[in-house]
Amino acid sequence: MIMRDYAILSIETHLFFARIMKEHALFLEAGFPCFEKEMIEEAEHFHQKFEELLQDTLQIAGGNVHEAILHSHELITEFTICAEQKTEELSGIPINCRLSKETQGLQGGCGGEENHSLNQQVEQLNERALRLLNELICFKEKILCKVKQCQLFTANYPLLIKHIIREAKLYRSIVEELMANRSLSYQNLYETENFWNQIMMEHAWFIRGLLDPSEAQLIETAGDFSEDYARLLHTACRQDQRVSARTSETLQETLRYRDFKAAGTKGILDCQISSIILPLLADHVLREANHYIRILENGQTR
């Protein structure tokens with residue numbers, strides 16, 4: 001049973017995070033000037049490699065995923081396929097939309113007997129993911145270093161690069177724990193909330209900074225969300241509130257934020273919002289909010 005849980009947890013981890021990583025690579029690729037050919041090619045390499053990892057995970061995912069994951073809309077939303085198609089059209093970067101269609105058709109279910117072949121395949125996926133993540137983190141850190149030293153221009157904020165490094169390191173830590181313990185011990189919910197509240201706050205900063213200055217109301221709302229998450233982080237540091245009460249408050253805040261992100265994604269896809277936000281970036285941050293909501297609702301971490 002332990003190995004069965006190990007396989008399912010590993011598959012669910014890759015279904016969410018491999019997609020996030022391939023999109024990070026795409027956002028980096030789209031942000032480089034056209035003459036930065038080496039950086040563009042390296043970003044494209046990681047985009048393709050994480051697409052392949054996601055594809056291979058999908059091949060063994062049917063019947064090996066909890067229904068809660070599929071219903072959370074953290075793997076795919078109603079906007080994802082359209083956002084991928086529009087982003088490919090706008091950026092010229094090829095995106096394998098078939099992966100989203102396959103994800104859309106996934107069947108849940110975690111029963112059944114131990115499967116030695118499945119465990120072997122999962123072990124290989126985990127080893128491969130770990131190698132790729134180590135390389136991707138080095139690449140992101142190289143970009144950040146060059147940007148800080150004024151040796152490289154990118155349309156991505158330095159903070160956004162730090163942000164995606166932290167997410168890659170979280171993914172790596174989960175894979176490492178799965179490989180070492182064949183399970184997840186689940187880090188303290190307090191620590192998990194701090195991590196994701198920081199991520200949510202920074203999303204608000206990025207949204208605010210990428211909206212057209214004419215979108216005054218949306219900019220103000222994004223600013224309000226950033227302040228709300230900053231307050232939650234400050235409250236957690238002071239520890240002047242029971243964890244259960246804070247989690248409930250954070251959940252309600254993130255549900256409201258999810259609705260804001262969903263409306264924003266739709267507005268960008270419908271060309272009703274002026275911004276320099278790629279449609280897939282809007283959907284990307286929406287999926288991360290959905291992921292966090294499931295964590296808060298289930299009371300489990302990561």
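Keep in mind that this is a model prediction, so the values were computed, not measured.
Under a hydrophobic clustering in which Ile, Leu, Val, Met, Phe, Trp and Tyr are joined whenever their side-chain heavy atoms come within less than 4.5 Å, directly or via other members, V285 and I273 fall into the same cluster. Linking ILVMFWY side-chain heavy atoms closer than 4.5 Å, directly or via other members, places L90 and F79 in two distinct hydrophobic clusters. Hydrophobic clustering, with ILVMFWY side chains joined whenever heavy atoms are under 4.5 angstrom apart, keeps I81 apart from L281. Note on L159: it clusters hydrophobically with I277, by side-chain heavy-atom contacts below 4.5 Å among ILVMFWY residues. Both I219 and F225 sit in one connected hydrophobic cluster of ILVMFWY residues. Membership requires side-chain heavy atoms under 4.5 Å apart, directly or through other members.
For the residue pair S100 / R19, a side-chain donor-acceptor distance below 3.5 Å is found, with atom types taken as modelled. Side-chain contact annotation: H14 with N126, donor-acceptor N/O pair under 3.5 Å present. Side-chain contact of E41 with H45: a donor-acceptor pair under 3.5 Å is absent, judged by distance alone. Between the side chains of T247 and E193, at least one donor N or O lies within less than 3.5 Å of an accepting N or O. Side-chain contact check for E51 and Q55: no donor-acceptor pair (N or O, by modelled atom type) lies under 3.5 Å. The closest side-chain donor-acceptor pair between Q85 and E89, if any, does not fall under 3.5 angstrom.
Smallest separation of non-hydrogen atoms from A25 and H47: CB-N, 3.5 Å. Between N156 and L28, the shortest heavy-atom distance links the atoms ND2-CA, 3.7 Å. S274 and S214 get closest at one heavy-atom pair: CB-OG, 4.4 Å. Contact record, A222 with A204: O-CB, 3.4 Å, taken as the closest heavy-atom pair. Shown here for G223 and R208, the closest heavy-atom pair between the two residues is CA-NH1, 3.8 Å. Taking every heavy atom of both residues into account, F50 and Y171 meet most closely at CE2-CE2, 4.2 Å.
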Practice task
Verify side chain to side chain contact (heavy atoms under 4.5 Å, CB included) between I11 and L15, making sure each step is shown before the conclusion.
Solution key: CA-CA 6 Å; I11 288 167; L15 287 175; 3.9 Å; yes

Problem - Residues I268, S275; criterion side chain to side chain contact (heavy atoms under 4.5 Å, CB included); working and verdict - result: CA-CA 8 Å; I268 287 167; S275 75; 4.2 Å; yes

Problem - Chi angles and distances behind the side-chain hydrogen bond (donor to acceptor under 3.5 Å, both in side chains) call for Q124, Q120 - result: CA-CA 6 Å; Q124 290 169 1; Q120 283 188 320; over 6 Å; no

Practice task
Applying side chain to side chain contact (heavy atoms under 4.5 Å, CB included), run through T192 and L296 and close with a yes or a no.
Solution key: CA-CA 9 Å; T192 298; L296 292 167; over 6 Å; no

Problem - Test side chain to side chain contact (heavy atoms under 4.5 Å, CB included) applied to N197 and Y292, step by step - result: CA-CA 9 Å; N197 283 346; Y292 187 26; 2.8 Å; yes

Exercise for the section: Check the pair E123 / Y6 against side-chain hydrogen bond (donor to acceptor under 3.5 Å, both in side chains), numbers first and verdict last. Expected result: CA-CA 9 Å; E123 187 74 10; Y6 162 70; 2.4 Å; yes

Practice task
For E297 and R294, run salt bridge (charged side-chain N to carboxylate O under 4.0 Å, His left out): C-alpha distance rounded to whole Å, both residues' side-chain angles, the deciding distance at 0.1 Å, then the answer.
Solution key: CA-CA 5 Å; E297 287 179 337; R294 180 179 60 79; over 6 Å; no

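In this structure the side chain of Q59 never reaches within 4.5 angstrom of the side chain of E102, judged on heavy atoms. When side chains are defined from C-beta on, E29 does not count as touching F46, because their heavy atoms never get closer than 4.5 Å. No side-chain heavy atom of R287 sits under 4.5 Å from any side-chain heavy atom of L75. At a threshold of 4.5 Å between non-hydrogen side-chain atoms, the residues D228 and L232 do not count as touching. Taking 4.5 Å as the limit, some side-chain heavy atom of L170 sits within range of a side-chain heavy atom of W196.
By the 6.0 Å contact criterion, CD on Q151 is enclosed, its count of non-hydrogen atoms from other residues, nucleotides or ligands being greater than 12. More than 12 non-hydrogen atoms from other residues, nucleotides or ligands lie less than 6.0 angstrom from NZ of K22.
Rounding to the nearest 0.5 Å gives a distance of 12.5 Å between OG1 of T103 and CZ of R98. Distance check: T250 OG1 to L255 CG gives 11.0 Å after rounding to the nearest 0.5 Å. Here L130 contributes atom CG and I174 contributes atom CD1; the two are 12.5 Å apart, rounded to the nearest 0.5 Å. From C82, atom SG reaches atom CG of D270 across 9.5 Å, with rounding to the nearest 0.5 Å. Going from atom CG of L286 over to atom CG of L280 covers 11.0 Å, rounded to the nearest 0.5 Å. For the atom pair CG (D283) and OG1 (T77), the distance works out to 3.5 Å, reported to the nearest 0.5 Å.
Under the 3.5 Å distance criterion, the side-chain polar atoms of N115 are matched with a main-chain donor or acceptor of L118. At distances below 3.5 Å, at least one donor-acceptor pair connects side-chain atoms of E12 with backbone N or O atoms of H66. The backbone N or O of G209 sits less than 3.5 Å from a side-chain atom of Y157, completing a donor-acceptor pair. Formation of a donor-acceptor pair under 3.5 Å by the S226 side chain with backbone atoms of W205 is not found in this model. Put simply, the side chain of E88 gets close to the backbone of I95: a donor and an acceptor are under 3.5 Å apart.
Residues E202 and R166 are paired through a salt bridge, judged by an N-O separation under 4.0 Å between the basic side chain and the carboxylate. Ionic pairing of R258 and E288 is not present here: no N-O contact between side-chain nitrogen and carboxylate oxygen is shorter than 4.0 angstrom. Look at R256 and E253 and you find a salt bridge, because one of the NZ, NE, NH1 or NH2 atoms lies within 4.0 Å of a carboxylate O, short of that distance. Using a 4.0 Å cut-off between charged side-chain N and carboxylate O, E42 and K37 make no salt bridge.
The ring of Y257 has its center closer than 6.0 angstrom to the ring center of Y229. F206 has its ring centre less than 6.0 Å from the ring centre of H163. A centroid separation of less than 6.0 Å is found between the aromatic rings of H284 and F27.
Under the side chain to side chain donor-acceptor pair (under 3.5 Å) criterion, T13 pairs with no residue, sequence neighbours left out.
A side chain to side chain contact (heavy atoms under 4.5 Å, CB included) with F139 is found for one member of E141, K142, E135 and no other, namely K142.
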